[in-house]
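Report on the structure given below.
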Amino acid sequence: PPVRSAASGRWLLWPNPARDQVSLAHTTDMEDMHSVVIYDQMGRQVFERRFSQLRPTYQLDISALSAGLYYVRMTTSEGKTQTVKLVKME
């Protein structure tokens, strides 16, 4: 199950640190996730995924990312955003 310490705002991201895959879930009422964009420490976009269906949990394959610190920006269909740090391990 998700670890509460990974919660930041409306969205929960786990595991963190992660190796190959992370999960995202809404912490209160479900909101429609529109997109997830991951940026590296230099601010370069390294991953983007758009969603068309409302789900209780979203899975992201991050296996192609190098080890390091990333910023995950989640955007709802209403335009609300939240950014959390993600540590990618080897």
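Values in this document were obtained by computation on a predicted structure and should not be read as measured data.
Residues Asp61 and Arg49 are not in side-chain contact: their nearest non-hydrogen atoms beyond the backbone lie 4.5 Å or more apart. Side-chain atoms of Val72 and Val22, non-hydrogen and from C-beta on, never get closer than 4.5 Å to each other. Using a 4.5 Å heavy-atom cutoff, the side chains of Phe47 and Leu60 are in contact.
No continuous path of ILVMFWY side-chain contacts below 4.5 Å connects Trp11 to Tyr39, so the two sit in separate hydrophobic clusters. The hydrophobic cluster containing Val84 also contains Ile38, counting ILVMFWY residues as joined when their side-chain heavy atoms lie under 4.5 angstrom apart, directly or transitively. A continuous path of hydrophobic side-chain contacts links Ile62 to Met74 [ILVMFWY only; heavy atoms under 4.5 Å].
Here the OG1-CZ distance, from Thr81 to Arg73, works out to 6.5 Å after rounding to the nearest 0.5 Å.
The ring pair (Phe, Tyr, Trp, His ring centres under 6.0 Å) check on Phe51 picks up Tyr58, with sequence neighbours excluded. By the side-chain contact (heavy atoms from CB on, under 4.5 Å) test, Asp40 pairs with Met42, Arg44, Val46, Tyr70, sequence neighbours left out.
Considering every non-hydrogen atom in both Lys85 and Tyr71, the closest pair reads CG-CE2, 3.6 Å. Between Leu86 and Ala18 the shortest heavy-atom distance is CD1-CB, 4.3 Å. Heavy-atom minimum distance, Ala25 versus Thr57: CB-OG1, 4.2 Å.
Put simply, the side chain of Arg19 never gets that close to the backbone of Lys88: no donor and acceptor are under 3.5 Å apart.
Results of the side chain to side chain donor-acceptor pair (under 3.5 Å) test with His34 over Glu78, Lys80, Arg50 single out Arg50 as the only residue that passes.
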